[in-house]
There are 2 protein chains.
Amino acid sequence: MGDTPGTGTGAEPALEEQIAAYQREFQDLDPQVEQIVSALSRLNRRMNVAYGRQTAELGITNADWEVLKALVLSGAPYRMGPSDLAKRLGLTPAAMTHRIDRMVAEGLVTRERDESNRVRVIVELTPAGREKWLEAMRLATVFEGDLLQDLSPAERTALGEALIRLLRRVEHAQPDAGGRLSDLD
Amino acid sequence: MGDTPGTGTGAEPALEEQIAAYQREFQDLDPQVEQIVSALSRLNRRMNVAYGRQTAELGITNADWEVLKALVLSGAPYRMGPSDLAKRLGLTPAAMTHRIDRMVAEGLVTRERDESNRVRVIVELTPAGREKWLEAMRLATVFEGDLLQDLSPAERTALGEALIRLLRRVEHAQPDAGGRLSDLD
DNA sequence: GATGTATTCTTCAGCGTCGAAATTTAGCTT
DNA sequence: AAGCTAAATTTCGACGCTGAAGAATACATC
């Protein structure tokens, strides 16, 4: 009945067990590196689950939330073309068409042709869409504050610093290459 | 023609710009918290792109790689049932059926019925599958070492420590609740 | 001003995933 | 041993995304 944590084939092993397994199966492994990488991945995953729950509470999907974010962060008057949105979110214009369809139906955005250039379409945030984003941000900031609660100001600074250094390194090493990037921050 | 980084609606703004946009649109925001969270998300995304390129080089998909990882980390004799694999990878048994179909066709795993309990199916890593995993690990560890290259041993320790602390916090706050977890480390 | 090319968006077919129903086998009860 | 319940896997229908083809508009060149 009880979970046998040591040998259980079920859900997720503790991080330490997993690293031990890596070392067992792959000799030239720096456990410290693996610890950092695995923790990063796992942490991100858990955070996405948490965000997903929060957006669900608000009656929207994570996909909706991403579009709202992109529009809000673009600044007033909160307008973008579908293909700009697609680039920003890391998906194809085809997918954006459908997302926008749905979000128009939900009243989060409007879609209209650009009269000055009728090939273009303008997606604009509605007040209701903006309000949804604000609600989501309120939930998210509470969660994020809670997440970092155990870290002192000095530790937060050090963590932010270290992450930015890693980010620079990976961005330097990857000259974009047109790869799809999925999610946004 | 040139990217106008300040106002460009294109791909991704620099992290600092994005945080400035957040502060502009949402007053009660701790920029330090947002920096950490955004850097985490962005870093993870870039890393996944990098892993995707590496697996593509080896002629497999990231989905294949995840299954190989789960099997290898389960330890010799590298066998698991489809539903255990599904739990471990955070997807439904239905999806596992199709993944296994593909991977059997690629020669990475075998599928056979368990003779002692004929409801069960046993998915077993082939030597070729194990070799693929090793190749992927070799590429991954090079990349990961490179990623952390700028951090001193003390900084690495501090980073790992901090990440684990965050992880504990988020795991404590989320009593699982059956949420699908997608990717693994 | 007509034609050709580029740009933007939408439509279409294919694939992977999910949720639920169906199928097969095991174990228990009477 | 016949039937009931539970467990593991596969099948089926729906949805979102991708890549490629199609449609509509703008811009340049002749």
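Just so it is clear: chains get the letters A, B, ... in the order the sequence lines come, proteins before strands, and each one is counted from 1. Bear in mind the structure is a predicted one, so any value in this text is a computation, not a measurement.
The NE2-C1' distance, from A/H98 to C/dC12, rounds to 9 Å in whole Å. A/M80 places its CE atom 13 Å from the P atom of C/dT8, with the value rounded to the nearest Å. One atom, CD1 of A/I122, and another, P of C/dT7, lie 20 Å apart when rounded to the nearest Å. Straight-line distance from the CG atom of B/D114 to the C1' atom of C/dA26: 12 Å, rounded to whole Å. Remark: C1' of C/dT8 and CG of A/L85 are 13 Å apart, rounded to the nearest angstrom. In this structure, CG of A/N117 is placed 10 Å from C1' of D/dC27, rounded to the nearest angstrom. In this entry the distance linking CZ of A/R99 with C1' of D/dC15 reads 13 Å, nearest Å. For B/R120 and C/dA26, the CZ to P distance is 11 Å, given to the nearest whole Å.
Remark: B/Q23 CD is packed, more than 12 non-hydrogen atoms of other residues, nucleotides or ligands lying under 6.0 Å away.
Phosphate contact (OP1/OP2 of D/dC15, side-chain N/O of A/R102, threshold under 4.0 Å): absent. Put simply, B/S83 has a side-chain N or O that comes within less than 4.0 Å of OP1 or OP2 on D/dT9.
Across the interface with DNA chain D, nearest-nucleotide mapping of A/A95 and A/R113 shows A/A95 to be the residue nearer the 5′ end. For the pair B/T97 and A/R118, nearest-nucleotide mapping onto DNA chain D gives the more 5' position to B/T97.
Under a 3.5 Å cut-off, the side chain of A/E155 and the backbone N or O of A/S152 do form a donor-acceptor pair.
Between B/R99 and B/D64 there is no salt bridge, since none of the side-chain N atoms of the basic residue sits less than 4.0 Å from a carboxylate O of the acidic one. Ion pairing between A/R111 and A/E124 fails under the 4.0 Å rule for side-chain N and carboxylate O. Between B/R168 and A/D150, no side-chain nitrogen of the basic residue sits less than 4.0 Å from a carboxylate oxygen of the acidic one, so the salt-bridge criterion is not met.
Among the nucleotides D/dT9, C/dT17, D/dT10, the one closest to any side-chain atom of B/R111 is D/dT10. Of the candidate nucleotides D/dC17, D/dT10, C/dC9, C/dC9 has the atom nearest to the side chain of A/V121. Of all nucleotides listed (D/dT18, D/dA26, C/dG19), D/dT18 comes nearest to the side chain of A/A94.
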